[in-house]
There are 2 protein chains.
Amino acid sequence: MHDGSSDPALPETPLRGNVFAAACPTRQLLDRIADKWTVLILLTLANGSQRFGALKRHIGGISQKMLSQTLKSLERDGLIDRTVEHTAPIAVTYAITPLGRSLTVSLRGVIEWAETRMGDVFDARSAFDARANAEH
Amino acid sequence: MHDGSSDPALPETPLRGNVFAAACPTRQLLDRIADKWTVLILLTLANGSQRFGALKRHIGGISQKMLSQTLKSLERDGLIDRTVEHTAPIAVTYAITPLGRSLTVSLRGVIEWAETRMGDVFDARSAFDARANAEH
DNA sequence: CTGCATCCGCAATGATACTG
DNA sequence: CAGTATCATTGCGGATGCAG
């Protein structure tokens with residue numbers, strides 16, 4: 001995979017953002033979307049709009065704080081929409097935006113991988129641990 | 001943790017893991033692969049095997065501790081292979097496994113998204129912040 | 001019902017120094 | 001060169017209480 005360039009400057013860097021550069025803004029973005037709660041929230045909303053309480057019930061183990069906090073981040077980044085109905089007890093509905101939906105395609109692939117390859121990973125872990133034990 | 005009995009809304013419970021269940025092992029797995037360093041390391045190795053030092057140089061901002069630690073996790077999970085050459089100064093080479101490569105397909109999509117949609121996200125942030133300011 | 005503020009423990013992360 | 005070990009710090013993330 002050598003590209004024929006000398007290494008220090010990495011001239012083959014693409015013109016758009018480069019996540020491998022520590023200072024690149026895309027790096028922050030990566031850190032944000034490579035987050036457990038972000039992934040689960042986006043994938044839930046990709047299946048249809050939900051209210052706050054419904055989201056909390058659907059995503060096992062999330063605290064009210066993390067949900068609220070992550071939702072706000074996602075709204076700020078334009079990945080989800082927030083709609084308030086000023087009814088008697090206030091009702092807030094969250095919906096995914098086209099931008100958010102464009103991300104869920106890849107995200108779903110990651111989840112798909114985790115759910116289907118889980119067995120392979122656990123087998124690998126057992127083998128690794130057994131090997132480590134055998135060294136004593 | 002899968003009963004498939006008392007939930008009328010889910011006629012057919014999937015046989016594989018469900019990341020939305022807090023106790024499901026896939027949830028831990030998700031938390032592990034939804035990690036900044038994991039993504040960057042796997043994608044680097046997907047382009048070819050690398051030695052420890054080369055990896056550290058290629059992934060901006062990673063500390064030797066995080067690199068070493070994440071590499072060990074990935075090896076344990078069967079996503080990468082570790083090869084030691086007992087030469088004068090010892091040389092260790094890391095390579096992606098077929099299992100690991102199967103994950104990088106989706107991972108690359110996430111990076112692709114971050115690098116290309118970065119502008120949209122930043123625009124959304126500006127708009128959001130402006131709106132927030134206007135409310136005072 | 002929704003969601004913000006505060007307190008706080010703990011785990012993750014980084015800097016440094018040391019070993020094979 | 002490739003790690004491990006230790007220490008200091010940060011910030012995640014949970015619990016609780018309050019407000020709109």
Side-chain angles (χ1 to χ4, degrees), chain A residues 7-8 22-23 27-28 30-41 44-45 49-76 80-95 128 131-132 135-136, chain B residues 22-23 27-41 44-45 49-77 80-95 128-129 131-133 135-136:
Chain A
D7 52 300
R27 174 65 75 82
Q28 311 166 13
L30 171 63
D31 205 22
R32 190 158 287 256
I33 62 184
D35 171 70
K36 185 176 42 175
W37 301 132
T38 296
V39 173
L40 293 176
I41 290 175
T44 300
L45 292 179
S49 303
Q50 299 256 340
R51 290 185 42 191
F52 188 90
L55 277 169
K56 182 161 189 327
R57 261 172 272 120
H58 186 256
I59 302 175
I62 194 171
S63 68
Q64 180 272 341
K65 177 182 177 178
M66 279 299 103
L67 179 55
S68 174
Q69 191 172 298
T70 309
L71 284 172
K72 187 189 271 183
S73 279
L74 293 176
E75 187 201 359
R76 178 166 182 263
I80 64 175
D81 270 334
R82 179 175 179 274
T83 309
V84 184
E85 296 175 57
H86 298 281
T87 53
I90 195 172
V92 182
T93 304
Y94 293 91
F128 183 91
R131 224 175 305 136
E135 289 174 10
H136 289 282
Chain B
R27 174 66 74 82
Q28 310 166 15
L29 193 52
L30 171 63
D31 205 22
R32 189 157 289 251
I33 62 184
D35 171 71
K36 185 176 40 176
W37 301 133
T38 296
V39 173
L40 293 176
I41 291 175
T44 300
L45 292 179
S49 303
Q50 298 257 346
R51 291 183 42 188
F52 188 91
L55 276 170
K56 183 162 187 330
R57 262 173 271 120
H58 186 254
I59 302 175
I62 194 171
S63 66
Q64 70 288 43
K65 178 180 179 179
M66 279 300 101
L67 179 56
S68 173
Q69 191 171 299
T70 308
L71 284 171
K72 189 188 273 184
S73 279
L74 293 175
E75 186 199 0
R76 177 167 182 261
D77 287 351
I80 64 175
D81 270 333
R82 179 175 178 274
T83 308
V84 183
E85 295 176 58
H86 299 280
T87 52
I90 196 172
V92 182
T93 303
Y94 292 92
F128 183 91
D129 293 346
R131 224 176 305 136
N133 273 338
E135 288 175 12
H136 288 284

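Naming: A, B, ... by sequence-line order, numbering from 1 per chain. Computed from a prediction, not measured in an experiment: that's the story for all the values here. Atom set for the values below is all heavy atoms of this structure, side chains included, hydrogens, waters and symmetry mates excluded.
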Would you say a side-chain N or O of [X] is under 4.0 Å from OP1 or OP2 of [N]?
X        : N      : answer
Ser68(A) : dC4(C) : yes
Tyr94(A) : dG3(C) : yes
Arg82(A) : dT2(C) : no
Arg51(A) : dT2(C) : yes
Thr87(B) : dC1(D) : no

Margin query: Just to be sure I understand the rule, does Lys72(B) reach a base, reach only the sugar-phosphate, or reach nothing, if contact means heavy atoms closer than 4.0 Å?
Written below: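 If one applies the 4.0 Å heavy-atom cut-off, Lys72(B) turns out to touch the sugar-phosphate alone, with no base involved.
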Checklist line | Sugar-phosphate only, base, or nothing, as touched by Gln69(A) at under 4.0 Å among non-hydrogen atoms | finding: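 The residue Gln69(A) makes no contact with any strand.
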Can you tell me the distance, in whole Å, between the [atom1] atom of [X] and the [atom2] atom of [N]?
X        : N       : atom1 : atom2 : value
Lys65(B) : dA12(C) : NZ    : P     : 10 Å
Gln50(B) : dC1(D)  : CD    : C1'   : 15 Å
Phe52(B) : dT19(C) : CZ    : C1'   : 14 Å
Leu71(A) : dC1(C)  : CG    : P     : 17 Å
Glu75(A) : dT2(C)  : CD    : C1'   : 13 Å
Lys56(A) : dG13(D) : NZ    : C1'   : 13 Å
Ile90(B) : dG3(D)  : CD1   : C1'   : 9 Å
Met66(A) : dT6(C)  : CE    : P     : 16 Å

Notebook entry, point to check: Is the shortest heavy-atom distance from the side chain of Ile41(A) to the side chain of Leu74(A) under 4.5 Å?
Noted result: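 Of all side-chain heavy-atom pairs linking Leu74(A) with Ile41(A), at least one is under 4.5 Å.
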Checklist line | Over all atoms of both residues, closest heavy-atom pair of Trp37(B) and Ile59(B) | finding: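 Minimum heavy-atom contact is CZ3-CG2, 3.9 Å.
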Notebook entry, point to check: Between Arg82(A) and Val92(A), which heavy-atom pair has the shortest distance, and what is it?
Noted result: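 Distance-wise, the nearest heavy atoms are CG-CG1, 3.7 Å.
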Next item on the list: Measure the spacing between CD of Gln50(A) and OH of Tyr94(A) and express it to the nearest 0.5 Å.
Entry: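 Reported value, rounded in 0.5 Å steps: 12.5 Å.
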Note to self: Between Arg32(B) and Ser73(B), do the side chains contain a donor N or O and an acceptor N or O under 3.5 Å apart?
What the structure shows: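 A donor-acceptor contact under 3.5 Å links the two side chains.
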Checklist line | Check: Gln64(A) side chain, dG3(C) base, donor-acceptor under 3.5 Å | finding: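 Such a pair exists between side chain and base.
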